[in-house]
2 protein chains.
Amino acid sequence: MATNVVDRLHKDLDKTIGNLPPAIAEAVEQAALTTTYPTGAVLFAEAQIQRGVFIVRRGRVKLSVCGSDGKTLILRMVELGGMLGVASAISGRPYEATAETQEPSEISFLRQNDLLRLMRQHGEIALWVTQQVSRDYSWTCREIRDLMLSDSASEKLARLLVGWLDNNAESRQTGHLKMALTHEEIGQMIGTSRETVSRLFAGFKKQNLIQQNGATLVISNRVALESLITA
Amino acid sequence: MATNVVDRLHKDLDKTIGNLPPAIAEAVEQAALTTTYPTGAVLFAEAQIQRGVFIVRRGRVKLSVCGSDGKTLILRMVELGGMLGVASAISGRPYEATAETQEPSEISFLRQNDLLRLMRQHGEIALWVTQQVSRDYSWTCREIRDLMLSDSASEKLARLLVGWLDNNAESRQTGHLKMALTHEEIGQMIGTSRETVSRLFAGFKKQNLIQQNGATLVISNRVALESLITA
DNA sequence: TACCTGAAGTGATGGCGATCACTCAGCCGT
DNA sequence: ACGGCTGAGTGATCGCCATCACTTCAGGTA
């Protein structure tokens with residue numbers, strides 16, 4: 001249980017597993033299998049029987065659900081340290097969404113058995129896992145609320161942009177954003193068509209709410225953008 | 001840890017706490033405070049700081065979120081044995097929804113501290129709680145998917161009705177449903193206006209998909225109703 | 001009985017955004 | 001430099017549904 005020097009000689013990826021104490025992170029590390037995936041790799045698909053959980057060590061993973069008519073709704077992007085498929089692994093039910101890498105990524109996989117064993121052995125791990133699921137749950141509640149209770153598409157887009165700004169400290173200061181998503185994907189995040197996203201961006205530019213230089217988006221008038229929310 | 005006769009002399013409410021072993025259910029029972037609420041009582045409100053979790057022992061509780069413009073979206077109805085506010089108690093964040101009794105109900109309350117202590121003491125409780133959150137999460141994912149990826153309102157209503165049918169065995173046989181919700185509330189469940197719900201019901205009746213006798217709804221043509229889903 | 005309140009039908013109207021059908025701008029590989 | 005391909009911009013059309021403004025109905029109360 002004590003962390004000795006030999007254990008610490010491992011690569012320092014283990015620091016990225018939640019905020020777990022090193023000794024416990026090490027236990028997870030030993031049970032997990034870490035793999036590198038290319039862009040577009042599908043870690044698991046909606047309705048597929050559950051095998052275990054995935055932990056993002058590097059890269060970005062898109063989590064989405066899809067309707068039978070082919071339409072897609074992106075639930076969220078999962079980044080460094082995020083877990084995928086936890087709820088399914090705990091409840092034993094099929095995955096409720098599809099996970100697909102957005103860029104070359106390094107992902108640790110932990111089988112359900114090992115997860116449950118670790119949770120049973122280390123109370124801290126159990127608590128940490130439960131907190132992950134709880135976070136996912138609150139996030140999804142916010143999501144459903146924002147999507148359903150704001151029927152104007154511009155409001156949803158404004159929410160998305162402001163949310164992106166607040167996601168990291170420097171964006172909040174400078175108002176600069178790196179656009180990593182296509183208009184189509186943005187549409188899938190806010191539940192509108194690609195064309196509507198195009199038109200909304202055009203409108204925002206016309207009102208001088210935003211500017212665009214290549215792949216960089218500049219929020220020039222954040223307050224006006226926020227005033228669109230709950231208009 | 002063993003269940004002795006004295007423990008079992010308690011009222012048999014404890015059987016309703018999940019599928020926990022009696023001894024453990026008893027531990028929960030001792031830490032919890034059970035109260036009777038009238039219809040319309042608010043157990044907790046959205047964005048309120050979290051205090052603990054609620055367990056439904058009798059009655060029905062409406063869980064909803066609301067937008068700033070006053071519009072409401074009902075997430076789900078929680079019945080016997082269901083827990084409320086678990087994710088918030090675990091993560092320590094404010095409640096993400098509002099819980100309001102729909103009928104006179106008996107509710108057990110468990111403070112956050114006691115919940116966490118019990119989870120730490122009994123691995124089974126920790127696992128059970130985690131499973132609850134996981135269930136809530138999958139449910140919410142299904143919800144968001146069904147609501148967003150089916151833009152016709154009739155499809156959403158059809159989904160709701162079929163879901164109600166499958167909720168209990170006899171409804172599935174007879175096709176009979178007791179309507180416990182107003183059209184307005186149904187609208188809040190599927191994200192449409194009250195008027196649209198009225199018109200949809202009228203349409204369904206005209207097509208002989210359903211009939212209505214007072215508060216009893218009869219699904220006369222379930223297959224046709226299902227064919228509206230993913231049309 | 002007449003009244004009152006909350007739920008449920010229903011018509012008319014208007015707007016927002018999905019959809020179709022293009023064109024246009026990059027970007028890649030050969 | 002040339003096709004080919006994917007993402008982006010834009011116009012035209014149109015259907016669904018929110019909204020407003022009523023009426024109708026049922027249940028409870030004085």
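Chain letters run A, B, ... following the sequence lines, proteins first, then strands; residues in each count from 1.
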Remember a base hit wins even if backbone is also touched, and classify [X] as base, sugar-phosphate or nothing at under 4.0 Å, heavy atoms.
X: B:K156; answer: nothing
X: B:G187; answer: nothing
X: A:T182; answer: sugar-phosphate

Going by atom types alone, do A:K205 and A:Q212 pair a side-chain donor with an acceptor below 3.5 Å?
yes
Given that B:L200 and A:R199 both sit by DNA chain D, which one's nearest nucleotide is further toward the 5' end?
A:R199
Assert: residue with more 5' nearest nucleotide on DNA chain D, out of A:D151 and A:V197, is A:V197
Report the C-alpha distance between B:T216 and B:N213 in whole Å, list the side-chain angles of each, state the deciding distance to 0.1 Å, and finish with yes or no for side-chain hydrogen bond (donor to acceptor under 3.5 Å, both in side chains).
CA-CA 5 Å; B:T216 313; B:N213 294 327; over 6 Å; no
Gap between atoms [atom1] and [atom2], on [X] and [N] respectively (whole Å):
X: B:E185; N: C:dG6; atom1: CD; atom2: C1'; value: 12 Å
X: B:H183; N: D:dA18; atom1: NE2; atom2: C1'; value: 18 Å
X: B:Q188; N: C:dA7; atom1: CD; atom2: C1'; value: 13 Å
X: B:M179; N: D:dA26; atom1: CE; atom2: P; value: 15 Å
X: B:I190; N: D:dC16; atom1: CD1; atom2: P; value: 16 Å
X: A:K206; N: D:dG9; atom1: NZ; atom2: P; value: 12 Å
X: A:I186; N: D:dT6; atom1: CD1; atom2: C1'; value: 16 Å
X: A:E155; N: D:dA18; atom1: CD; atom2: C1'; value: 15 Å

On DNA chain C, does the nearest nucleotide to B:A202 precede the nearest nucleotide to A:S154 from the 5' side, or the other way round? Give the residue.
B:A202
5′-ward residue of the pair B:F201/A:T192 relative to DNA chain C:
B:F201
Is the phosphate of D:dC17 approached by B:S193 (side-chain N or O, under 4.0 Å from OP1 or OP2)?
no
Side-chain N or O of A:K71 less than 4.0 angstrom from OP1 or OP2 on C:dA18?
no
Among [options], the nucleotide that comes nearest once only the side chain of [X] is considered:
X: A:S152; options: D:dC17, D:dG9, C:dG17; answer: C:dG17
X: A:S198; options: C:dG9, D:dA8, D:dA18; answer: D:dA8
X: B:E195; options: D:dC20, C:dC20, C:dA18; answer: D:dC20

Indicate yes or no: does B:E195 engage B:R199 in a salt bridge with an N to O separation below 4.0 Å.
no
Determine, stepwise, if the pair B:Y137 / A:Y137 fulfils ring-ring contact (aromatic ring centres under 6.0 Å, His included).
CA-CA 5 Å; B:Y137 176 73; A:Y137 176 73; 7.5 Å; no
From the list A:E79, A:E106, A:E29, salt bridge (Lys or Arg N to Asp or Glu O under 4.0 Å) with A:R57 holds only for A:E29
Applying side-chain contact (heavy atoms from CB on, under 4.5 Å) to B:F204 and B:L161, what does each step give before you reach the verdict?
CA-CA 11 Å; B:F204 284 180; B:L161 293 179; 4.3 Å; yes
Got a donor-acceptor pair under 3.5 Å from the side chain of B:R194 to the base of C:dA8?
yes
